[in-house]
Amino acid sequence: MAPEFQRARRPEQVEARRATILGVARELLSERPVSRISLRELSDRVGLAKSNVLRYFDSREAIFLEVLDSVWVSWLDELEGELGAPDGTKRGYERVAAVIATSISRQRLLCELISTMAAVLERNISVETARTFKTRAGERTERLAEVVRAQVTLDAEAAGHFAKAVFILVAGLWPYANPGEAVATVLAERGAPAGHAMFVDGLTEGLANQLVGLAVRAGQRPEW
């Protein structure tokens, strides 16, 4: 039975309650995909009724969008270190593509949430939640664009396009690289690469092609 609910009134109390809910959401995501986590299960794990959880987030999807933003920022912090500090030397497109693909492949939670973002997580939310998330998403995308521009020769518009393409490619490739058991069995029978290799190789190729294509369109000579 859930304990008697005491509404958080002060800002720090509200933030503490929200942090607790987000922490439980991340625990559940470590156990199963977001598609198999209900608001009731999450509420029970927190120790609150569903209606009380909805005092802090307007829907189940809003909770997972908040988690997505958090892991997105954490990944960008790691990526900057993996690419290396800018020193004025431009890296090859294939190297940058490979580092990004390998780095994000280790962020299973981020990849899963990206793959469900547009079709699921952005559907059952309020206008205010959508506005907040999209504002943050724009900031994260701009940050990725700047990280990439420090490594390769791209103008701001092209780098922004590339940063958006990273997430579009992840959203498309991740489900294919993580199929159900029956499909995984058939792919193995046919000698297809394992899921992780399929994802990293496909994403590296796609990102490298994006960089080269953007450079060519801008009249630049591709930096391999």
To the closest 0.5 Å, what do you measure between [atom1] ([X]) and [atom2] ([Y])?
| X | Y | atom1 | atom2 | answer |
| --- | --- | --- | --- | --- |
| Asp69 | Thr135 | CG | OG1 | 10.5 Å |
| Ser59 | Asn124 | OG | CG | 4.5 Å |
| Leu169 | Lys164 | CG | NZ | 14.0 Å |
| Ser30 | Arg108 | OG | CZ | 12.0 Å |
| His161 | Asp155 | NE2 | CG | 11.5 Å |
| Arg36 | Leu28 | CZ | CG | 11.0 Å |

Does the side chain of [Y] come within less than 4.5 Å of [X]'s, by heavy atoms?
| X | Y | result |
| --- | --- | --- |
| Ser70 | Arg26 | yes |
| Arg106 | Glu78 | no |
| Leu83 | Arg95 | yes |
| Glu61 | Glu122 | no |
| Val67 | Leu109 | yes |
| Glu80 | Glu146 | no |
| Val166 | Thr141 | no |

Look at Glu12 together with Arg17 and state whether they make a salt bridge at an N to O cut-off of under 4.0 Å.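 Judged by the 4.0 Å cut-off on N to carboxylate O distance, Glu12 and Arg17 do not form a salt bridge.
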
Check Arg136 with Glu66, please: is the shortest side-chain N to carboxylate O separation under 4.0 Å?
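Looking at Glu66 and Arg136, the cut-off is met.
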
Where do [X] and [Y] come nearest, in terms of heavy atoms and distance?
| X | Y | answer |
| --- | --- | --- |
| Arg143 | Asp77 | NH2-OD1, 2.6 Å |
| Ala163 | Ala145 | CB-N, 3.9 Å |
| Pro33 | Glu112 | CA-OE2, 3.0 Å |
| Ala159 | Arg149 | CB-CG, 3.2 Å |

>> Check for me, please, whether Leu113 and Ile168 land in the same ILVMFWY cluster - side-chain distances under 4.5 Å, paths through other members count.
In response: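 No, separate clusters.
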
Next item on the list: Find out if a path of hydrophobic residues (ILVMFWY) with successive side-chain heavy-atom gaps under 4.5 Å connects Val73 to Ile114.
Entry: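 Looking at the clustering, Ile114 is in a separate group from Val73.
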
Result block: side-chain N/O donor-acceptor pairs under 3.5 angstrom for residues 186-209, not counting sequence neighbours:
| from | atom 1 | to | atom 2 | distance (Å) |
| --- | --- | --- | --- | --- |
| His196 | NE2 | Ser105 | OG | 3.3 |
| Thr204 | OG1 | Val200 | O | 2.7 |
| Asn209 | ND2 | Glu205 | O | 3.3 |

Please check this pair: side chain of [X] against backbone of [Y], looking for a donor-acceptor N/O pair closer than 3.5 Å.
| X | Y | answer |
| --- | --- | --- |
| Arg60 | Leu121 | no |
| Ser103 | Leu79 | no |
| Gln151 | Gly84 | yes |
| Thr102 | Val99 | no |
| Arg123 | Ala118 | yes |
| Arg45 | Val24 | no |
| Thr129 | Ile125 | no |

Take Val71 and Gln107 through the test side-chain contact (heavy atoms from CB on, under 4.5 Å) and record every step on the way to the result. CA-CA 8 Å; Val71 294; Gln107 305 292 329; 5.6 Å; no

Worksheet item: Above 12 or not: heavy atoms from other molecules or residues under 6.0 Å from CD of Glu31?
Response: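 Correct, the count exceeds 12.
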
Near Glu41 CD, under 6.0 Å, is it more than 12 heavy atoms from other residues, nucleotides or ligands?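 Check passes, neighbour count above 12.
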
* Stepwise side-chain contact (heavy atoms from CB on, under 4.5 Å) check, Phe162 with Glu157 -> CA-CA 9 Å; Phe162 174 78; Glu157 183 179 1; over 6 Å; no

Knowing that exactly one of Leu42, Leu39, Ile21, Leu65 qualifies, which makes a side chain to side chain contact (heavy atoms under 4.5 Å, CB included) with Phe57?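 So, applying the side chain to side chain contact (heavy atoms under 4.5 Å, CB included) to Phe57 and each of Leu42, Leu39, Ile21, Leu65, only Ile21 qualifies.
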
Please test Phe64 against Thr116 for side-chain contact (heavy atoms from CB on, under 4.5 Å), starting from the C-alpha separation and ending with a verdict. CA-CA 10 Å; Phe64 292 118; Thr116 62; over 6 Å; no

task: Under the side-chain contact (heavy atoms from CB on, under 4.5 Å) rule, what do Leu154 and Leu211 come out as? Steps first, then yes or no, please.
output: CA-CA 8 Å; Leu154 285 179; Leu211 288 170; 3.6 Å; yes

- Message: Students often mix this up, so state it plainly: with edges at 30° and 60°, are the rings of Phe167 and Trp75 parallel, tilted or perpendicular?
- Response: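 It falls in the perpendicular class, over 60°.
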
query = So Arg18 and Tyr56, side chain to side chain donor-acceptor pair (under 3.5 Å) or not? Walk me through it.
reply = CA-CA 6 Å; Arg18 283 171 57 88; Tyr56 302 97; over 6 Å; no

